[in-house]
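Chain identifiers are assigned alphabetically (A, B, ...) following the order of the sequence lines, protein sequences preceding nucleic acid strands; residue numbering begins at 1 within each chain.
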Amino acid sequence: MPGVKGEFPVAMEDTNALIEQRRAKLASLREKGIDPFRNKFTPTETCLAARENYQEGRVVHLAGRVTAHRDMGKSMFMDIRDQSGRVQVYAQKNVLGDEQFELFKHLDLADFLGVTGTLFTTKTGEISVKIESFVILAKALRPPPAKWHGLEDTETRYRQRYLDLIANPEVSEVFLKRSAIVREIRAFLEHRGYVEVETPMMQAIPGGAAARPFKTHHNALGCDLYLRIALELSLKRLLVGGMDRVFEIGRNFRNEGLSRRHNPEFTMLEAYQAYGDYESMMDLVQGLVCHVAESVLDTLVIEHKDAEGKGVRTIDLNPPWRRVTYKELVREKAGADWFELGPGQRRQKAIELGAEIGEAYEDFEVTQAVFEKLIEPTLINPTFVTHAPKELIPLAKTSPEDPDCVEVFECCINGQEIAPGYTEQNDPLEQRERLEHQAGGEQQKLDEDFLVALEHGMPPAGGIGLGVDRLCMMLLGQDSIRDVILFPQLRPKAG
RNA sequence: GGGUUGGUAGCUCAAUGGUAGAGCAUCGGCCUUUUAAGCCGGUGGUUCUGGGUUCGAGUCCCAGCCAACCCA
């Protein structure tokens, strides 16, 4: 690869004694006519399966990464590990012969090894494989992180996640569970007749949320495009098209700050149901999250622990989840007379309560600041906060009971918004007005094609969005979104 | 963008302004049922980068880079 050296000058030049030693071992193997990078080796089973299907003397072919070795002189124990787990292998000089045994002794931690041998049980009772022959499948030219302490350095853990996965089994576990969570989301929705679709990530007009988009350029079309910030407007077009139950699990991109809770690209589930409304969508979210928790974690009670393993908080997902209006909740925390106060008094009281209020905040934003700063973080057990002020959400239908509010909910769990849902706006004229109002004087472009679609008629429908990363954080007890995203965004390191 | 903390061997971490260390890994020796194997001996450092103060800087000061956390 001729380009590599220029692109990764640091990696190519960076070396140390350990790397030199491994390169020397590689050269020495090649001199002996051994290629330690095999095209193929087919194990008969996984390391775990070999142990589970124990039968003394049974012949197995196993493959895995060398994770430990215990040199006994004329014999040697080694641990090899694949995704299923580890198994101990045992090599003896009189079985392998001098030359092969010498090769075996000089294997390095992190090398990939294929072995053929028979199952047996050691004195201490461990099921192991007595090696008859072995083959080096891939030589590791760099040392792995320490076996005992694991890998602690957050920067290395995120930049070189593969090392994190090798060194920290609990990290690996988190990502296997994340995969299971996504699988169970699909299973739940498909079981209820939802059709999974894929819609464009590159859009001429990024809509469906208020967020700064990433911009890119299409050369052949000669136009700028944006990475989507939400799935909503595409999926609603499908409701217009007669797909009555649709969902998409996909990446959204928002060109905003990074934090413990924000990654520039994140995974969103959105689902829409014709003839549903915000209430049926609350049932859906509750059912979905409970199904996922039960099938992946086998419990509805989630314990979050700190680094020392002490319980920090407990989240009880047992249904039914509390449903409370936005106004009720604000009255609970900010005073029963909150909505009877004048705007000036509200502002004053919000500041007294400890919310930070920007000078330009409109009245509804003052209340929203109180909600976000003082109320949301206290909602640990699942709570559906319904009937938000209509200024906050332009894509939902007005509530018949309270014309200042829209038929929406925000499902808060673990002190975070996890899933909003609405009775979707299907009146094209009302929708246009609300979007124009939201755009304000900013000349934000309206998605005219979306409005045309609504004019063709969209059935009454309920919709939800669900932040998959945040759901994973909540279910898996992770405090940082970076710990549920395999490759979180970091500043690129200068070569 | 602002604040706080941190960056030392491959990894995890020490080191009053005074010769940069330990454990593991690694290399060599002994050991044919060990498992964080054990015993003996060795190798390994641009202390993130660049300036400054000082007789002397890993340590103090300034600037920068990267990260984590908090705030906006």
Checklist outcome for this item: Nearest heavy-atom contact between A/Leu490 and A/Glu155 is CD1-O, 4.3 Å

Item to check | Whether A/Phe104 and A/Phe134 hold their rings parallel, tilted or perpendicular, with breakpoints at 30° and 60° | outcome: perpendicular

Next on the checklist: Without decimals, in angstroms, what is the distance between A/Trp148 CH2 and B/A37 C1'?
Outcome noted: 13 Å

Next on the checklist: Using heavy-atom distances to pick each residue's nearest nucleotide on RNA chain B, tell me which of A/Gln21 and A/Ser75 is more 5'.
Outcome noted: A/Gln21

Checklist outcome for this item: Which of B/C31, B/U35, B/C11 is nearest the side chain of A/Arg86? It is B/U35

Checklist outcome for this item: When rounded to whole Å, the NZ to C1' distance for the pair A/Lys130 and B/U34 reads 14 Å

Item to check | Between B/A20 and B/C13 - C1' atom distance, rounded Å | outcome: 14 Å

Item to check | Sugar-phosphate only, base, or nothing, as touched by A/Leu151 at under 4.0 Å among non-hydrogen atoms | outcome: sugar-phosphate

Checklist entry - Rounding to the closest angstrom, what is the interatomic distance between B/A57 and B/C69 at atom P? => result 35 Å

Item to check | Interatomic distance, A/Glu365 CD vs B/A72 P [rounded to whole Å] | outcome: 15 Å

Checklist entry - With a 4.0 Å cut-off, would you call A/Arg30 and A/Asp35 a salt bridge? => result yes

Next on the checklist: Nearest whole Å is fine: how far is B/C11 C1' from A/Leu109 CG?
Outcome noted: 12 Å

Checklist entry - In the strands shown, is B/G18 matched to any nucleotide by a Watson-Crick or G-U wobble pair with both distances under 3.5 Å, and which? => result B/C55

Next on the checklist: Taking only side-chain N and O atoms of A/Arg70, does any of them lie within less than 4.0 angstrom of OP1 or OP2 on B/U35?
Outcome noted: no

Next on the checklist: Using a heavy-atom cut-off of 4.0 Å across all strands, would you classify A/Glu152 as base, sugar-phosphate, or nothing?
Outcome noted: sugar-phosphate

Checklist entry - Is a side-chain donor-acceptor pair under 3.5 Å present for A/Asn414 with A/Arg470? => result no

Checklist outcome for this item: Scanning all shown strands, the Watson-Crick or wobble mate of B/A68 with both distances under 3.5 Å is B/U4

Next on the checklist: Quick check on B/U35: is either OP1 or OP2 less than 4.0 Å from any side-chain nitrogen or oxygen of A/Lys123?
Outcome noted: no

Checklist entry - Looking for any heavy atom pair under 4.0 Å, which part of the strands does A/Gly150 touch: base, sugar-phosphate only, or nothing? => result sugar-phosphate

Item to check | Salt bridge present between A/Arg58 and A/Glu45 (N-O < 4.0 angstrom) | outcome: yes

Checklist entry - Distance between the C1' atoms of B/U54 and B/C62, in whole angstroms? => result 16 Å

Checklist entry - Counting side-chain heavy atoms from CB outward, which of B/G28, B/G10, B/U32 is closest to A/Met72? => result B/U32

Checklist entry - If we take the C1' atom in both B/G45 and B/C39, what is their distance in whole Å? => result 28 Å

Checklist entry - Ignoring hydrogens and angles, does a donor from either the side chain of A/Asp153 or the base of B/U12 sit under 3.5 Å from an acceptor on the other? => result no

Next on the checklist: Between P on B/A25 and CZ on A/Arg65, what's the gap in Å once rounded to a whole number?
Outcome noted: 18 Å

Item to check | Whole-Å distance separating the NE2 atom of A/His262 from the P atom of B/A72 | outcome: 12 Å

Next on the checklist: Testing the basics here: between A/Gly335 and A/Lys349, what is the closest heavy-atom pair and its distance to 0.1 Å?
Outcome noted: CA-NZ, 4.1 Å

Checklist outcome for this item: Tightest non-hydrogen contact, residues A/Ile418 and A/Met474, listed as CD1-CB, 3.9 Å

Checklist entry - Less than 3.5 Å between a donor and an acceptor, one on the side chain of A/Gln92 and one on the base of B/U32, is that the case here? => result yes

Next on the checklist: Measuring to OP1 and OP2 of B/A36, would you say a side-chain N or O of A/His69 lies under 4.0 angstrom away?
Outcome noted: no

Quick one: which protein N/O atoms are closer than 3.5 Å to N/O atoms of nucleotides 69-71 of chain B? Pair and distance per line, please.
| residue | atom | partner | partner atom | Å |
| --- | --- | --- | --- | --- |
| B/C69 | OP2 | A/Arg482 | NH1 | 2.7 |
| B/C70 | OP1 | A/Arg260 | NE | 2.8 |
| B/C70 | OP1 | A/Arg260 | NH2 | 3.4 |
| B/C70 | OP2 | A/Arg260 | NE | 3.0 |

Item to check | Charged N-O contact under 4.0 Å between A/Arg86 and A/Glu126 | outcome: yes

Item to check | Closest listed nucleotide, where the reference is the side chain of A/Tyr90 and the choices are B/U33, B/G23, B/U35 | outcome: B/U33

Item to check | Distance, C1' atom - from B/A68 to B/G50, rounded to whole angstrom | outcome: 24 Å

Item to check | Between B/G3 and B/U46 - C1' atom distance, rounded Å | outcome: 31 Å

Next on the checklist: For a quick test of reading the model, state the closest non-hydrogen atom pair linking A/Leu165 to A/Ser172 and the distance between them.
Outcome noted: CD2-CA, 3.8 Å

Checklist entry - Whole Å only: how far is the NZ atom of A/Lys74 from the C1' atom of B/U33? => result 15 Å

Item to check | Side-chain donor/acceptor contact of A/Thr122 with base of B/U34 under 3.5 Å | outcome: yes

Checklist entry - When you compare B/G18 with B/G56, how far apart are their P atoms, in angstrom units rounded to a whole number? => result 14 Å

Checklist entry - What closest approach, in Å, do A/Glu232 and A/Gly208 show between heavy atoms, and which atom pair accounts for it? => result OE1-O, 3.7 Å

Item to check | Euclidean distance, atom CG of residue A/Leu18 to atom P of B/G42 [Å, nearest integer] | outcome: 19 Å

Checklist outcome for this item: Contacts of A/Arg491 and A/Asn94 projected onto RNA chain B by closest heavy atom; the upstream (5') one is A/Asn94

Checklist entry - In the structure shown, which nucleotide is the Watson-Crick or G-U wobble counterpart of B/G41, with both distances under 3.5 Å? => result B/C27

Checklist entry - How far, in whole Å, is B/U19 from B/U32 if one measures between their C1' atoms? => result 45 Å

Checklist entry - Within the structure shown, what part of the strands sits under 4.0 Å from A/Asp108 by heavy-atom distance: base, sugar-phosphate, or nothing? => result sugar-phosphate

Checklist entry - Phosphate oxygens OP1/OP2 of B/U32: is one of them under 4.0 Å from a side-chain N or O of A/Lys93? => result no

Checklist entry - Between the base of B/U35 and the side chain of A/Glu126, is there a donor-acceptor distance below 3.5 Å? => result yes

